[in-house]
Trainee: 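So that we are looking at the same thing, I have put the structure below in structure tokens.
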Amino acid sequence: MAEYDPQAIERKWQARWDADRAFEADPDPSKLKYYVLEMLPYPSGTMHMGHMRNYTIGDVIARYRRMQGFHVIHPMGWDAFGLPAENAAIQRGIHPREWTNTNIESFKRVCRRFGFSYDWRREISTCEPEYYRWNQWFFLRMLERGIAYRKRSRVNWCPKCQTVLANEQVVNGCCWRHEDTPVEAKEIEQWFLRITQYADELLETLDQLEDGWPERVLTMQRNWIGKSRGTRIRFTVDDPRGNRGEFIEVFTTRIDTIYGASAVILAPNHPLVEKLLGYAGTKSLYWTRLLRLRQASVKTEDIATAEKEGIDLGWHAINPFNGEKIPIWVGNFVLMEYGTGAVMCVPAHDERDFEFATKYGLAKPIVVQPDEDKPLTPESLDAAFTEYGKSVNSGPYSGLPSERAIEKMTADAEARGFAKGEIIFRLKDWGISRQRYWGTPIPVLFCEKCGVVAVPDKDLPVVLPTITKFSGTGQSPLASVPEFVNVKCPKCGGAARRETDTMDTFIDSSWYFYRYADAHNDKAPFDPAIVRYWLPVDQYIGGIVHAILHLLYTRFFCKVMRDLGLVNHDEPVKRLFTQGLVLKGGTAMSKSKGNVVGAEDMAQKYGCDTGRLYTLFAAPPEKDLEWSEQAIEGCARFLQRVHRLVSRHADLLSKAPAGSGLGVSLDSATPKEKALLRKAHQVLRRVTNDFESRWHFNSATALLMELVNEIQTQEPLEEGVRPEVAREIFELLTLMLAPMVPHLAEELWEMMGRTQQTLAHSRWPQFVPQLAAEDQVEVVVQVNGRVKRRIQVEAGLGEAELVERVLSEPKIMKLLDGQRIFKRIVVPDKLVNVVLR
RNA sequence: GCGGAAGUGGCGGAAUUGGCAGACGCGCCAGCCUUAGGAGCUGGUGGCCGAAAGGCCGUAGGGGUUCGAGUCCCUUCUUCCGCACCA
């Protein structure tokens, strides 16, 4: 009997799949397509179990869908631009391209080693000109439409990365790659993509994803976009020494509380602050204190807990509703980046204003009263009342409910010209310039005469030149390559300089899965007709880390592509699955923490099927998974057991024609056959359900283990099991194993004499209810809801009959001892509850 | 602080709609086989009481709805995640 030799089996079947081109699929309108996608990896160092888990989940789904007859596209590629490659170059003197390609080779080798069913013809690598030229093409289209634009602004600078970060790439005030490195503020001129133009739609179409995306991710995106409906109100600055026409615009969602405003507060870096101090000649007086307010900590935890601080500027603003003069302050809690950089301070109805007013002794007029509770009084007010209620002390608006007051006051204020209803978003435009080398060159030139000039399409790609010196000084490395920088202006022929910043690598990953559909197109990013067949993605699988970053950007790109007429859907991904992390010692595997288990080492030790099975069995896929050497041994044992089991019965199985089991009638079946067929079909029903709706591969695996256990308890099969029945059972087992442990399944299939076709395209078996049905069931007998006895009865008894049978059972009669029965609850085939009371 | 998810044996985790809690695996215990076992096989394994039959307790704590609750409701606690002066 041949031992289970995973290495040999795995090589053998991988070669066979390659020869069969088993996983290649091209558009075929007669077939239902299914797009399975795993987030493309950044190939750094070696592939670890975290990656491997991601791809295993995707592969099981791809293989299962294929067995269901779907036309499956399942591609893989490489997120190949990015900082680690450049840092490796600086530290070790290896060119980023070389470092990256070595890693890609290694990742690809491991992917093949695990038998992931990718269509490798579609492989892309984002650092190749054939790919990034389309990044440039998209950028130019956005430039034409005003979606890409250039501006000078305060940006997030990571001193470790030596480059700018987008807002989404700042986590807790620190760089998303360097969680202990606070970002610094820097004024830089850079390129932005006007994602805010789509803010409303990015929010609206999240509703379409309700059924397919985790609620968590949807919530995070909604919060990030941060839509807020309110009013922009203009307060005139009271100017006793002449009218300079200064005014302050505040944004508020609660215009109804304006009669309760006791100050206007400006952000410390609001331009008007210095102006007003200048007018009054009081700059020197306030300057030190003002600087202190401006030096807010960047750590967000600190910000939230920081004490409110302010400075009374000595100026007043006029409340446009009642003409009242209220002081103008500067406050450290007012953000220049949000709204108008100025707020009206309504202490009685805003928590922050309450705190501020308490500290500085500002008045707290009450202008909203709660609906039910007893009315607020200045004496009883110990916290801000921020809910809606009824307006009071608000001139003509007194008595209105808050909602009405907001509407009416906004309308009136608009009519009188000092306010405007407005919707603002927390979302900011996406800053995409990076002062680094290893990325897509931004295809524009700066001409002395013509200004900013787009590189003409025909000159794409703007190829990233090969450079050899990497300093990491924060200067764009491309600036030091004269042959790259100095060009002729395509418009006027005069001298021009190329843009030397490169694009954020999140551009690369925003549309890569469209490129997979038509990976070698050299006329366009892709052929819209092909994309119409394959896209949108039916199932995307990846980590929760990308809940905002990548998934927001890619949704934005989809909408831009739609507006360019390239695609006809609004959302790129129908269903999203966020898998859990692979932990070791309680933390996520990562190179920096030194706790990685290499996928290749693992495959070498146990075989990849064992590795696949372990990651599927150890936890449901959405949960984190703690790596355990002991538990993986259990999976290895199980596969060995299955292999031995089939080996042992090869003779018996060879006596039956293939696929003959279905005709077996239960009437003529032996008890052993009945037991086996029942178990097999019960397992099939539940495994199919786990695959279909929940992807609980852990319980599916447990069920298959149960089936194997059952087969073993029915041994020897030669006695009492006909070959065709044995065959049916073993084929069911093998087909169900196929998506999870495909190599072993193929081998078993062959051992059973099936040689014509691989399992890759075999059909998923059909559940037969009659075969799963039990003819004896165990019924639980409860007294007053507590389980007392269990009895065997034939299945399918009616309620009355079942009660009759239960009550006539001697051991039940003894239990009840003639007591009066108050009530009976009957669940056929399951339970009888006798209520005595 | 706000929002969300979760809490089940020694461990990972099952339990589809309110109907047998702990499937399956790991670990552990006992036995078989073996020159040997870090291999294989058999059996046991939530806690307490009991020789056994059986009984009692048990899904973070408390309360409730129900004939019946891991599952539904209220409440407290804990953990994890997200947001964090967003006006």
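Below, read A as the first sequence line, B as the second, and so on, with proteins coming before strands; counting in each chain starts at 1.
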Trainee: If you compare every side-chain N and O of A:Arg644 against the phosphate oxygens of B:C41 (OP1, OP2), does one of them come in below 4.0 Å?
Mentor: yes

Trainee: Can you figure out which of B:A87, B:G13, B:C41 approaches the side chain of A:Ala619 most closely?
Mentor: B:G13

Trainee: Side chain of A:Val780: nearest nucleotide among B:G13, B:C20, B:A87?
Mentor: B:C20

Trainee: Enter the distance from A:Ile233:CD1 to A:Phe321:CZ here, rounded to the nearest 0.5 Å.
Mentor: 6.5 Å

Trainee: Choosing from B:A21, B:A14, B:A87, which nucleotide comes nearest the side chain of A:Arg790?
Mentor: B:A21

Trainee: For nucleotides 16-19 of chain B, which of its nitrogen or oxygen atoms have a protein nitrogen or oxygen under 3.5 Å away, and what is each distance?
Mentor:
| unit_1 | atom_1 | unit_2 | atom_2 | d |
| --- | --- | --- | --- | --- |
| B:U16 | O2 | A:Asn689 | ND2 | 3.2 |
| B:U16 | O4 | A:Arg686 | NE | 3.4 |
| B:G19 | N2 | A:Gln782 | OE1 | 3.2 |

Trainee: For A:Ser228 and B:A87, is the shortest distance between a side-chain N/O and OP1 or OP2 below 4.0 Å?
Mentor: yes

Trainee: Across the strands shown, which category fits A:Asn709 at heavy-atom distances under 4.0 angstrom: base, sugar-phosphate, nothing?
Mentor: sugar-phosphate

Trainee: Between B:C83, B:A14, B:G55, which nucleotide gets closest to the side-chain atoms of A:Arg789?
Mentor: B:G55

Trainee: Would you indicate which nucleotide in B:A14, B:A39, B:C57 comes nearest to any side-chain atom of A:Arg637?
Mentor: B:A39

Trainee: Between B:A14 and A:Lys623, is there an OP1 or OP2 to side-chain N/O distance shorter than 4.0 Å?
Mentor: no

Trainee: Scan A:Gly226 against the nucleic acid and name what it touches under 4.0 Å (heavy atoms): base, sugar-phosphate only, or nothing.
Mentor: nothing

Trainee: Given B:A23, B:A87, B:G25, which nucleotide is nearest the side-chain atoms of A:Arg641?
Mentor: B:G25

Trainee: For A:Lys359, does its backbone N or O pair with a side-chain atom of A:Lys308 as donor and acceptor, under 3.5 Å?
Mentor: no

Trainee: Specify the separation, in whole Å, of atom CD1 of A:Ile548 and atom C1' of B:G3.
Mentor: 13 Å

Trainee: Within the 3.5 Å criterion, strictly below it, is a donor on A:Glu629 or A:Tyr606 matched to an acceptor on the partner's side chain?
Mentor: yes

Trainee: Can you spot which of A:Glu774, A:Glu710, A:Glu706 makes a salt bridge (charged side-chain N to carboxylate O under 4.0 Å, His left out) with A:Lys679?
Mentor: A:Glu706

Trainee: Which nucleotide sits closest to the side chain of A:Ser699: B:A14, B:G27, B:C85?
Mentor: B:A14

Trainee: Hey, which sits more toward the 5' end of RNA chain B by its nearest nucleotide, A:Leu625 or A:Thr253?
Mentor: A:Leu625

Trainee: Quick one: is A:Arg216 getting a side-chain N or O under 4.0 Å of the B:G3 phosphate, OP1 or OP2?
Mentor: no

Trainee: So if I take every side-chain heavy atom of A:Val835 and compare against B:C20, B:C67, B:A23, which nucleotide ends up nearest?
Mentor: B:C67

